[in-house]
Amino acid sequence: MIIIKGGHIVTPLAVYASDIAVEGSKIKSVEPNIDHSPGDRVIDASGALVFPGFIDAHTHFDMNNGVMTTADDFASGTKAAIIGGTTTIIDYATQNNGETLTQALRAWHQKADGVCSCDYGFHMAITDWNYAIATQLLNMVSSGVTSFKLYMAYDALRLDDEDIIDVMSHMKLLKTLACVHCENGDLVNYLVSQQKLKGNLSPSAHPASRPAQVEAEALSRLLYISDIIDWPVNIVHLSSALGLGEVRKARARGQKVFVETCPQYMLLDEGLYSLEGFESAKYVCSPPLRSKYDVGEIAGAAVAGEIDTIATDHCSYNYKWQKMTGVNDFSDIPNGLPGVEFRPGLIYGQFVKAGLMKAETMCALLSERPAKLYGLYPRKGALLEGSDADIVIWKNADIKANCANQHMKCDYSPFEGMDMGGRAETVLLRGEVIVENGEVANAGRGIYLKRDLPMIDQM
């Protein structure tokens, strides 16, 4: 048995002193002053916060965009994740045009099975919709895939409104969840072409081609569709105050809407697209970074409880040989940022330790709410008797986000030099110590998670 002693347990409701007893893969008890026997391993958590394992429900590992593959595969990505305290990731498996959902799921299992250092599940991105695909949804649910990605942008990925309406009706029937990338694809294509006609080919043209109105228009349209279908949706990577305003309108008229944002939209702003030379290509992602006002609004919404989850949209490309492919045309720069390793530290250092957010809120955003929304609670996301012993012992430390020391396979960090305020000193995954002294002691121990239906009525 493992006994974690002297720490302060963090839940969404309170922080309190308690010990934790772990037996096998499960939490046996959470109570003060647990006695230990000579054969038990005792872990001293004095002065530390003890969180349930963090969940990153938006990653893209080993993803080919049609031109190149992301820098991080499942081995490197999940190793980096668990070093940062993330014990579960949910990656976006993606259906290629003409491919069945079953084929797509099989392909993602081939990439991930046997190499992950944290537990993992899959969403399924639907890019080709017809009656035959609709009949496969029930098989996805039985395989543990209970959330589905829909794109409103990117010509090779997006569905039109008619298909989105039909998909949403099936989501309601099966009580599953649509996770939607909200950008008006036609507007994006038009604005990209306009920037090129003007001769604006540098990375600074990227935010001009995807202004906040592009997000807000798609969001508004989707939310009215959701209202008519009478089934909630999950908005991924919300980036703008305009988009947040559309969410607030929908909630004011009685809709249930789930919202995810990412650290980049809480910490980085569009001024980074004005860096000299091609350096600003490092920050090309979609949606793009927004104004300082938008950053403040999104961060404030997360602190105030208007955001349900914080994920990363981790999609890493190396600057020197992948981002540089767009040196003559900004639209050729692969979109995406690395972040899976630093997410907990950035939220802790920039918000909790800075006094802007409670540790309880961090626990809700990174652990409990994603576990509930994606059908994993209370197995994951909680420090309760019977829950998986996914435990993060978080200690204060003078640590900054640093590319030179990161474990992600990327040659830069968009958060370089930002204070993280601490680190995951020790991390347990299903009762096994995976991270000790901030480094991986046991790699490759992750297992596939068959997820239950989203706990929509309990959020």
Side-chain angles (χ1 to χ4, degrees), residues 2 4 7-12 15 18 20-28 30 43 45 48-59 74 77-91 116-121 309-312 314 339-348 352 359-395 407 422-436 438-452:
I2 295 175
I4 299 170
H8 281 76
I9 307 298
V10 184
T11 77
V15 177
S18 186
I20 302 179
V22 174
E23 188 169 47
S25 65
K26 301 292 184 180
I27 293 175
K28 182 180 181 182
V30 181
I43 298 176
L49 295 174
V50 182
F51 286 95
F54 303 123
I55 299 168
D56 188 345
H58 192 155
T59 64
F74 280 90
T78 59
K79 182 178 179 181
I82 204 161
I83 286 172
T86 294
T87 54
T88 297
I89 61 97
I90 308 178
D91 197 81
C116 290
S117 291
C118 67
D119 287 352
Y120 59 99
T309 63
I310 297 176
T312 58
H314 178 98
V340 74
E341 184 171 354
F342 295 147
R343 177 189 60 138
L346 291 168
I347 300 304
Y348 181 78
V352 177
E360 294 94 322
T361 304
M362 177 176 168
C363 180
L365 288 164
L366 271 62
S367 298
E368 184 180 280
R369 288 183 192 168
K372 288 183 173 180
L373 189 61
Y374 299 113
L376 291 169
Y377 189 86
R379 179 182 178 185
K380 306 291 187 182
L383 297 176
L384 299 172
E385 182 179 338
S387 296
D388 279 2
D390 295 353
I391 302 171
V392 176
I393 300 174
W394 190 273
K395 292 195 174 181
H407 298 80
R423 70 174 183 176
E425 186 78 10
T426 305
V427 181
L428 279 69
L429 178 67
R430 285 175 284 103
E432 182 178 7
V433 176
I434 303 296
V435 174
E436 289 186 277
E439 292 295 333
V440 170
N442 294 295
R445 298 292 209 271
I447 62 171
Y448 174 66
L449 301 170
K450 291 183 67 173
R451 295 183 290 117
D452 296 328

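Here the structure is a predicted model, which is why all the values come from computation and not from measurement.
At a threshold of 4.5 Å between non-hydrogen side-chain atoms, the residues L429 and I82 count as touching. The shortest side-chain heavy-atom distance between I393 and I4 falls under the 4.5 Å cut-off. You'll find the side chain of I90 stays beyond 4.5 Å of the side chain of T59, heavy atoms only. By the 4.5 Å heavy-atom criterion applied to side chains, I20 and L383 are counted as neighbours. In this structure, the side chains of I391 and V427 stay at 4.5 Å or more apart for every pair of heavy atoms. For the pair I9/F51, no side-chain contact is recorded, criterion being any heavy-atom separation below 4.5 Å from C-beta on.
Atom-to-atom distance recorded for E439:CD and K79:NZ is 8.0 Å, nearest 0.5 angstrom. From I43, atom CD1 reaches atom CD of E436 across 7.5 Å, with rounding to the nearest 0.5 Å. Annotation: the span from I55 atom CD1 to R343 atom CZ amounts to 8.5 Å, rounded to 0.5 Å.
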Exercise for the section: For side-chain contact (heavy atoms from CB on, under 4.5 Å), just list the numbers for M362 and V10, CA-CA rounded to whole Å, side-chain angles, deciding distance to a tenth of an Å, and then say yes or no. Expected result: CA-CA 9 Å; M362 177 176 168; V10 184; over 6 Å; no
Handout entry: Residues E385, V30; criterion side-chain contact (heavy atoms from CB on, under 4.5 Å); working and verdict
Key = CA-CA 7 Å; E385 182 179 338; V30 181; over 6 Å; no
Problem - Candidate pair D91 and F74, rule side-chain contact (heavy atoms from CB on, under 4.5 Å), full reasoning - result: CA-CA 9 Å; D91 197 81; F74 280 90; 3.5 Å; yes
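The closest donor-acceptor contact from the side chain of R430 to the backbone of G24 lies at 3.5 Å or more, if one exists at all. Between the side chain of D56 and the backbone N or O of A81, no donor-acceptor pair lies under 3.5 Å. N442 contributes a side-chain N or O that, together with a main-chain N or O of V433, makes up a donor-acceptor pair within less than 3.5 Å. Judged by distance alone, the side chain of E341 and the main-chain N or O of H407 form a donor-acceptor pair under 3.5 Å. Of the possible donor and acceptor atoms, one in the side chain of H314 sits under 3.5 Å from a partner among the backbone N and O of V340.
By the ring-ring contact (aromatic ring centres under 6.0 Å, His included) test, Y348 pairs with W394, sequence neighbours left out. Legend: residues meeting side-chain contact (heavy atoms from CB on, under 4.5 Å) with A382, ordered by chain and number and at least two apart, are Y377, L384, S387. In this view, H8 and V15, A17, L49 satisfy the side-chain contact (heavy atoms from CB on, under 4.5 Å) rule, not counting sequence neighbours.
T87 approaches C118 most closely through the heavy-atom pair O-CB, 3.3 Å. For the pair V22 and L428, the tightest heavy-atom approach, listed with the atom from each and the gap, is CG2-CD2, 4.3 Å. In terms of heavy atoms, P52 sits closest to G381 at CB-C, 3.7 Å. Listed here is the closest heavy atom pair of A311 and H58: CB-CB, 3.5 Å. The minimum heavy-atom distance linking S117 with T78 is given by the pair N-OG1, 2.9 Å. Taking every heavy atom of both residues into account, A424 and V392 meet most closely at CB-CG1, 3.8 Å.
Counting heavy-atom neighbours within 6.0 Å of K28 NZ, excluding the residue itself, gives a total of 12 or less.
For the pair E425 and R423, the salt-bridge criterion is met [side-chain N within less than 4.0 Å of a carboxylate O]. One finds a salt bridge joining E432 and R445 here, because a Lys/Arg side-chain nitrogen approaches an Asp/Glu carboxylate oxygen to under 4.0 Å. Electrostatic pairing of D119 and K380 counts as a salt bridge here, judged by a charged N lying under 4.0 Å from a carboxylate O.
Partner of T309 under the side-chain contact (heavy atoms from CB on, under 4.5 Å) criterion, out of K372, E368, R369: R369 alone.
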